[in-house]
Student: 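Have a look at this one.
Values below: all heavy atoms of this structure, side chains included; hydrogens, waters and symmetry mates excluded.
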Amino acid sequence: MSTSSGLPGPLAALDAFSERLGRGLSWLILAMMIIQFLIVVLRYAFSVNSIPMQESVMYMHASVFMLAAAYTLKHGGHVRVDIFYRAMSPKRKALVDLLGTLLLLLPVMGFVIATSLGYVGKSWAIFEGSPDAGGIPGVFLLKTLIPAFAVLMIVQGIVEIYRNALILKGRLDPNALPHDADEEHL
């Protein structure tokens with residue numbers, strides 16, 4: 001059964017999850033700006049330094065960067081050689097995206113998972129905390145973002161493979177896609 005996005009139910013649900021996660025994480029950017037502003041005011045106006053506040057900005061920044069990458073993939077916001085890509089037909093773009101996902105994205109994300117699990121596992125084994133006194137005792141959670149990022153990218157990559165295959169078969173209108181975010185701003 002297909003949804004209005006042209007994707008079957010489970011893939012449409014995964015695609016929607018990426019959308020909701022990306023939009024939800026965008027609120028962390030506002031929180032980061034507010035906390036960073038408070039850090040500066042406290043430091044320069046009141047000579048107060050807060051390690052947990054400083055580390056919280058780092059945690060939020062890492063969360064946005066790592067967990068919103070799948071949202072960025074969905075919206076075509078990752079770096080590509082746009083000088084060639086922009087002039088391609090929708091079917092050729094779909095072919096390039098399909099091959100890029102199969103030959104680059106999935107293998108690299110598999111490598112990220114394989115190489116990060118030991119690193120993250122060691123951190124969890126000792127519940128690694130901040131090296132700074134009074135810092136956030138959750139470095140193990142921060143490191144967990146690495147394989148989480150890769151898993152989310154693989155999941156969205158699978159959605160993109162299916163979406164691009166539908167375009168190549170002529171069963172999905174490429175103009176109805178969330179891709180080509182840069183062209184929306186032209």
Side-chain angles (χ1 to χ4, degrees), residues 3-8 10-36 56-117 119-120 141-168 172-186:
T3 63
S4 62
S5 68
L7 297 169
L11 291 177
L14 292 171
D15 199 40
F17 173 76
S18 288
E19 184 71 25
R20 284 190 309 274
L21 181 61
R23 289 181 183 271
L25 287 166
S26 69
W27 287 98
L28 281 182
I29 296 168
L30 178 61
M32 274 191 317
M33 290 184 344
I34 291 169
I35 292 171
Q36 189 63 54
S56 72
V57 170
M58 178 184 64
Y59 277 59
M60 286 185 277
H61 184 260
S63 296
V64 168
F65 183 81
M66 300 294 270
L67 300 178
Y71 173 86
T72 305
L73 175 64
K74 174 183 176 172
H75 289 277
H78 286 288
V79 176
R80 61 168 63 99
V81 183
D82 206 39
I83 192 167
F84 300 116
Y85 186 84
R86 185 181 302 232
M88 292 179 180
S89 70
K91 283 196 174 191
R92 182 153 313 233
K93 286 180 179 181
L95 179 62
V96 168
D97 290 342
L98 178 68
L99 292 174
T101 302
L102 287 170
L103 301 174
L104 296 171
L105 178 80
L106 294 180
V108 169
M109 292 302 114
F111 178 76
V112 168
I113 290 171
T115 57
S116 69
L117 288 179
Y119 174 70
V120 174
L141 296 171
L142 190 63
K143 289 182 178 181
T144 303
L145 292 175
I146 299 168
F149 148 75
V151 167
L152 290 170
M153 289 294 285
I154 288 170
V155 167
Q156 189 62 38
I158 291 167
V159 171
E160 297 306 317
I161 288 168
Y162 196 86
R163 187 185 332 263
N164 288 309
L166 289 176
I167 292 170
L168 289 170
L172 184 63
D173 179 12
N175 297 321
L177 298 179
H179 287 279
D180 300 328
D182 58 330
E183 291 178 11
E184 292 172 10
H185 302 290
L186 293 178

Student: Kindly indicate whether the side chain of V112, heavy atoms from C-beta on, has any atom under 4.5 Å from the side chain of M153.
Tutor: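 A side-chain contact is absent here, since even the closest heavy-atom pair is not under 4.5 Å.
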Student: Is L106 close to I161 at the side-chain level, that is, under 4.5 Å between some pair of heavy atoms?
Tutor: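 In short, these two side chains touch, coming nearer than 4.5 Å.
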Student: Please name the pair of heavy atoms, one in I35 and one in S56, separated by the smallest distance, quoted to 0.1 Å.
Tutor: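 I35 and S56 have their closest heavy atoms at CG2-OG, 3.8 Å.
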Student: What distance separates L142 CG from H61 NE2, expressed to the nearest 0.5 Å?
Tutor: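 Reported value, rounded in 0.5 Å steps: 11.5 Å.
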Student: Is any side-chain heavy atom of R92 less than 4.5 Å from a side-chain heavy atom of Y85?
Tutor: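 Side-chain contact under 4.5 Å: no.
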Student: Which distance, rounded to the nearest 0.5 Å, do you find between the CH2 of W27 and the CE of M60?
Tutor: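 Separation between the atoms: 14.5 Å.
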Student: Rounded at 0.5 Å granularity, tell me how far CG in L105 sits from CD1 in I154.
Tutor: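 L105 CG to I154 CD1: 7.5 Å, rounded to 0.5 Å.
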Student: What's the verdict on side-chain contact (heavy atoms from CB on, under 4.5 Å) for F17 and L152, showing C-alpha distance, side-chain angles and the deciding distance?
Tutor: CA-CA 10 Å; F17 173 76; L152 290 170; 3.8 Å; yes
Student: Go through L98 and I167 one step at a time and tell me if the side-chain contact (heavy atoms from CB on, under 4.5 Å) criterion holds.
Tutor: CA-CA 10 Å; L98 178 68; I167 292 170; over 6 Å; no
Student: Are I146 and Y119 packed together at the side-chain level, in the sense that at least one heavy-atom pair is separated by less than 4.5 angstrom?
Tutor: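 Contact flag for I146/Y119 side chains = yes.
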Student: Within a strict 4.5 Å, meaning less than it, do heavy atoms of the Y162 and P8 side chains meet?
Tutor: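 Yes, close enough: below the 4.5 Å cut-off.
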Student: Within the 4.5 Å heavy-atom criterion, are R163 and D15 side-chain neighbours or not?
Tutor: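 Side chain of R163 against side chain of D15, heavy atoms only: contact under 4.5 Å found.
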Student: Side chains of S63 and L145: does their closest heavy-atom pair fall under 4.5 Å?
Tutor: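 Yes, side chains in contact.
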Student: Examine distances only and state if a side-chain atom of H75 and a backbone atom of E19 form a donor-acceptor pair shorter than 3.5 Å.
Tutor: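 Such a contact is absent between H75 side chain and E19 backbone.
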Student: May I ask you to check whether Q156 and S18 show a side-chain donor-acceptor distance below 3.5 Å?
Tutor: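 A donor-acceptor contact under 3.5 Å links the two side chains.
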